Amino acid sequence: MIKNDKKTLLIHRRSTGEIVDNFGKRYKNKIYFDSETFEEVNPDKEIEGGIKNKILLTKSRGRIFRPCPGTSKDYLCCNYWVLNQSLNCPFNCSYCILQYYLNNPYLTVHTDTEDMIGQVKEQIEREPDRFFRVGTGELADSLALNEEGHFSEPLIRFAAQTPSMLLELKTKSNHIDSLTELEHGGRTVLAWSINTPFIISTEEHGTASLEQRLQAVQKAVKAGYKLAFHFDPIIDYPGCEKDYDETISKLFEAADPSLISWISMGSLRFPSDMKEKILNRFPDTILTVSEMIRGTDGKMRYFKSLRIKLYKSVVSSIQKYGGNDLFLYFCMEDHEVWQHVLGRAPESNEELDYWFARHLYHYFPGLLKKKPKIAAYQNSVTPRHRDQL
Amino acid sequence: MNYKMIPLDSININDTSYQYQHKFTDPERFRSAMKKCSITDPVYLHAKENTLMILDGFARINAIREIHRTNNHSLIPAFVLTDFELTYEIHLSIIIKQDLQSPLTFSEKVTAFNLLKREFEHINPVSILQDLGLPATKEYASVYNSLENASANWLSFLSRHRVPGRRVKTIVQSANLAILEPLLSLDYGINKLEQAIVMLTESAKRENISIESLIHLFLPQQNVDIQPDVFFNKLFQYRYPRIYSYQKKINQHLQEIQIPQHVQIILDKDGEAPGIQLLFHIQKDSDITDSENWLEQNGSKIRSLLKERLTL
């Protein structure tokens, strides 16, 4: 039986190498296991408080480099690629879907970096004419555990040598000290999920404060990394527009707009059956107070008119403090919202993907070796989304 | 454990510490049966500090006392347990035996849970829940604990609605049951009651006022008959003003459009699925002409409906 209260590494016996060694130096308690299923590793069905003290080091299974699963044809997805190098997150954001739906409850880091990189290489070779944006932050916080295992470093080194991709490491932490001395070649984007101090303190439990995140941004700027920011989820509460404005003002005191690759926006959304789970775990949350409506993807979200109002306010602040040249986009919004807020809307996910490449080509001269062509994105050989896979 | 014939008047009937069954059965019928057969199945008593406390058999002992009002020296069969003999396992088995004979209601099980928890502090409450066949987690232990002082109205309501799990949890975690008690007068089922309570809780949080004052707002005079549907609709309107007003407008638009039998208008009133679907059931030639005419006559109204959907 595994003790709940001790920080412990659970290491699959077949997992070896740099990442296992790095974590091994930080943890006294180690348990080695051979089993293939997580139920065997966790026969006592430990409660979450205990699980968040455990880090499972194991080899990945199957394809872990995949297109981001945009789940609805009515909302535009940017055709991002995700590398699930780690799963789960030590933080406790009340709105986070990970804590409700992942089958494996452990903080998991996949140790077979070479195999993972192999999957990325293979995909890039299949589509040599397109530019890939690759992130590790879809099913995990990319950097929350990085200072303990340094597992992002091999990916940064790989990205530095790969001209047709940008690696994005997305976080709510300030754990970037070990990355500042790395040779990243300008091909890694350090990205922060940004919210107002009120939301960070009331809903993003255990994460770095806004000040800490912005101090980390300044370190990233000094180290020459490209930056990205994600205002997602934007949450409605009394006084939120003023708070977002102040937050964005502070953000641009720390971040040089010329280094910002993109800024995304998304409003609060969650599957309808998650509401009860949120309330059970976080009875004081403000998430469930606002009136919401079911979207075509089955997720609850704010009314479109409210979303448009919130987005317009955030965009206005971004442009006020950061200028008009930044690349702004929405995560899972429909054409109408795009059109109302930004005055333009891509025809399709593929076109949006192309828009990214076109922006990066112009904004960071030399980043893309050749001028992107829309055909490379429209005629992709790889099905992008869940309904096509 | 001794089997004895015990005089009725030596039993302490005033101490109900061990009582977990509620008197919701027909007492008259019960008394009549007891009059015919008396007590055949032994009751269980606990010999504690020179008194005999009832462990099991409250209803029977009370009934037989009423029948033999003039002669309380009558003897009844009983198993008598000492402190030493009354272990957790024995007490549990008495409760389970009762449950097997006549299934305990949910609130009786909850009372039994709280009784066992109080009497046997060394036993893990989650194990007690498991033993009683109730959802066995720490969270539920806490939920059922807070039902310990629930009023008879609540216990009666919860017994009538066989839902020991999720909904009771939501209700208990929303607010103090005493504050919510006026809602029981609306005679809702558990689903609707839960929905009403969730709406009240969320509205109170949004408006930063107490649930009690909200209940007072919507149920101002408890003596006046409030139509349950009217209350629910008012509450819905208060909690979801946008959806309420949107749905009202959509319904108005639909009423303005004269929809013939062979036409169906399909739209998502609760969500933001775009557009409106018109379904024409064509069975004969004239249906085509009728449909064309109908569409021509109602085109502007359908456009208004579409425009309303876009304001969502």
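In what follows, chains carry the letters A, B, and so on, assigned in the order in which the sequence lines appear, proteins first and then strands, with residues in each chain numbered from 1. None of the values given here were measured: they were computed from a predicted structure.
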- Looking at A/D74, A/I286, A/V289, A/T296, which makes the most heavy-atom pairs under 4.5 Å with chain B?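 Max contact count across the listed options: A/V289.
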For the student: nearest non-hydrogen atoms of [X] and [Y], plus distance:
{"X": "B/R239", "Y": "A/T288", "answer": "NH2-O, 2.9 Å"}
{"X": "A/E291", "Y": "B/R242", "answer": "OE2-N, 2.9 Å"}
{"X": "A/I293", "Y": "B/D270", "answer": "CG1-O, 3.0 Å"}
{"X": "A/D284", "Y": "B/K205", "answer": "C-NZ, 3.8 Å"}

- Query: Under the salt bridge (charged side-chain N to carboxylate O under 4.0 Å, His left out) test, which residues partner A/D334, sequence neighbours left out?
  - Reply: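 A/D334 satisfies salt bridge (charged side-chain N to carboxylate O under 4.0 Å, His left out) with A/K304 only.
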- Measure distances from A/M292 to the heavy atoms of chain B and classify the residue's part below 4.5 Å as side chain, backbone, both or neither.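 Backbone only.
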- Check step by step if side chain to side chain contact (heavy atoms under 4.5 Å, CB included) holds for B/E202 and A/L279. CA-CA 11 Å; B/E202 291 175 352; A/L279 282 170; 4.2 Å; yes
Taking atom [atom1] of [X] as the centre, report whether more than 12 heavy atoms of other residues, nucleotides or ligands fall under 6.0 Å from it.
{"X": "B/R303", "atom1": "CZ", "result": "no"}
{"X": "A/K309", "atom1": "NZ", "result": "no"}
{"X": "B/H262", "atom1": "NE2", "result": "yes"}
{"X": "B/K234", "atom1": "NZ", "result": "no"}

- Roughly how far apart are B/Q173 CD and A/E276 CD, rounded to 0.5 Å?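 Reported value, rounded in 0.5 Å steps: 9.0 Å.
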- Message: Within the 4.5 Å heavy-atom criterion, are B/D268 and A/R294 side-chain neighbours or not?
- Response: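 In short, these two side chains touch, coming nearer than 4.5 Å.
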- Item | Student check: side-chain heavy atoms of A/E336 and B/E272 closer than 4.5 Å |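 No, too far: nothing below the 4.5 Å cut-off.
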